[in-house]
Number of protein chains: 2
Amino acid sequence: MGGILARKLGNFLELSGPERESLNELGRQQRHHGAREHLSLENGLSRSVCLIIEGNACRYKILPDGRRQILTLFIPGDLCGRCLPDLDLGDESVVTLTAATVAVIPRQAFAALVEEHPRLTRALACAALVEEAVHREWIVNIGQRTGYERIAHLFCELFVRLSAVGLTQGNRCELPLTQGELADALGLSAVHINRTVQQLRSDGLICLRGRELTILDFPALQSAAMFDGSYLHLPKNLTLPHGRNLEAGPGSLHGL
Amino acid sequence: MGGILARKLGNFLELSGPERESLNELGRQQRHHGAREHLSLENGLSRSVCLIIEGNACRYKILPDGRRQILTLFIPGDLCGRCLPDLDLGDESVVTLTAATVAVIPRQAFAALVEEHPRLTRALACAALVEEAVHREWIVNIGQRTGYERIAHLFCELFVRLSAVGLTQGNRCELPLTQGELADALGLSAVHINRTVQQLRSDGLICLRGRELTILDFPALQSAAMFDGSYLHLPKNLTLPHGRNLEAGPGSLHGL
DNA sequence: CGTTTACTTGAACGAGCTCAAGTGAGGTGG
DNA sequence: CCACCTCACTTGAGCTCGTTCAAGTAAACG
């Protein structure tokens, strides 16, 4: 089950054996968390980097009056807590969504690794760029899409990301968010999430029972969401249900 | 008028004389653009970096059905077009909002600069992190705030950013967006922008005539927007109208 | 077996949208 | 210099998507 980070970074550039091994070393010191526990990375000066091994977490921000916005969804293989320079993160927090196993990597260990394998710096920078691209897509999602489209888009994004780290079985995956958390991620109310998910169900696009999400018709879901996954910069050969690939095919989106 | 980039990066860490000079060198080859002209940075492989000298631009993304979301506002001193590694940007575009002067920096010149002055790498990475932090704040803005709050927040952000590069006069600055463009940036309709701006006016928070934006009551605007500018990571000693500083004071936000 | 947490449903309300028409300022050509 | 065009802003009216409030069901857990 190791090598999850090497696998992810290997998407960006070919990694050597020693590079992969050094990355795998980082996962040694693991810690377990229950659901809804904060990963306090920002305590004082000794900020550390955190690698999600198993389970899920999210980054969020809260307004003074209590409104909450989820900013990032972390899945296994993701790093949270800035790797490269400092600059305090402000009032953002990271919390687990499900029970999770994480590897806490001291800043120095990380710095030493990058020192020894300069190519990893590039790979990490790529990962940071992808994170930024995901942020942009979320801005588009929340700013322009309707509730129905937004939910469909998030499901597409999550499913594709999970399948890139081998966490899908056929057209099924785990949805690590409650409807209330989906609401906080998409800028909608929990009630509206509920009704709109039912709409997606009755349109035959998905099946959602508990945490188990099944994509019944990926092309239709993708087209409803106007989802074009190229911003995720995943390997081109990634196979998705129905033989679809990441880019929006000519027939599905631009063809209206 | 030179040194606008050095000034910005100098916010993050102290720059040496030679470092500043090298940065200023980059601005030599300038190009003029009218309003609403595309800065095509993505033509083929020879992608270059673009430094805004004067005027304004924005990055945006368009959905297949024409809906547009503005993702980033560029002001003088900003770099657009990724500086560090590659990864194609996808279907994002950059267009000027006003007439603008830009310096087009070939990728190699940029790489050489970073090679010669390693500390600049850190400074550029900081700038990238701030850009990411701004993206996050926009997600919160669009996802959680009402139209009224959203507009107020954008005005706060823009005013503070402009004042950091000396482009404000007292409590006045230029607003480089039409109401239609504001709509595309905030995920609202142009009509609603219009009505809500009038609300801000009649509440005595701002005065907006043409492109001239005057902040009549910064503390009130900041509090209406729940604006806490620390995510911009600007120098602490930045003086704003009414003697306010960047962080939300205890009386304005968290005090509720 | 009672409590909690997530999901579901109904009904009324409201923020923000669309459509449509009208005003005003700047620019161009006759 | 005026006529005309365009583009930004403004205003009105009706409607819809999504919200809030409130209550009820269902599964998980100690």
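Protein chains get the first letters and strands the later ones, always in sequence-line order, with residue 1 at the start of each. Just so we're clear, the structure is a prediction, and the values are computed from it rather than from any experiment.
- Looking at A/L221 and A/F227, their side chains never come closer than 4.5 Å, going by heavy atoms from C-beta outward.
- Comparing the helix axis at one end of the helix from C/dC1-D/dG30 to C/dG30-D/dC1 with that at the other, each defined from 5 consecutive pairs, gives an inter-axis angle of 30° (nearest 10°).
- The residue B/R36 sits close only to the backbone: its heavy atoms come under 4.0 Å of sugar-phosphate atoms, none of a base.
- A/R209 comes within contact range of no nucleotide atom at all, as no heavy-atom separation falls under 4.0 Å.
- Checking D/dA8, D/dT11, C/dT18 against the side-chain heavy atoms of B/S189 singles out C/dT18 as nearest.
- Listed nucleotides C/dT8, D/dT10, C/dG16 differ in distance to A/Q179; the shortest reach to its side chain belongs to C/dT8.
- Considering all non-hydrogen atoms of both residues, A/T96 and A/A100 come closest at CG2-CB, 4.1 Å.
- Between A/N194 and C/dC7, a side-chain N or O to OP1/OP2 separation shorter than 4.0 Å is absent.
- For A/Q198 and C/dC7, the shortest distance from a side-chain N or O to OP1 or OP2 is not below 4.0 Å.
- Across all strands, B/R201 comes closer than 4.0 Å only to sugar-phosphate atoms, never to a base (heavy-atom distances).
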Mind listing the N/O atom pairs, protein and nucleotides 11-15 of chain C, below 3.5 Å?
unit_1	atom_1	unit_2	atom_2	d
C/dA11	N6	A/R195	NH2	2.9

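- Taking the centre of each ring, A/H135 and A/Y231 stay at or above the 6.0 Å mark.
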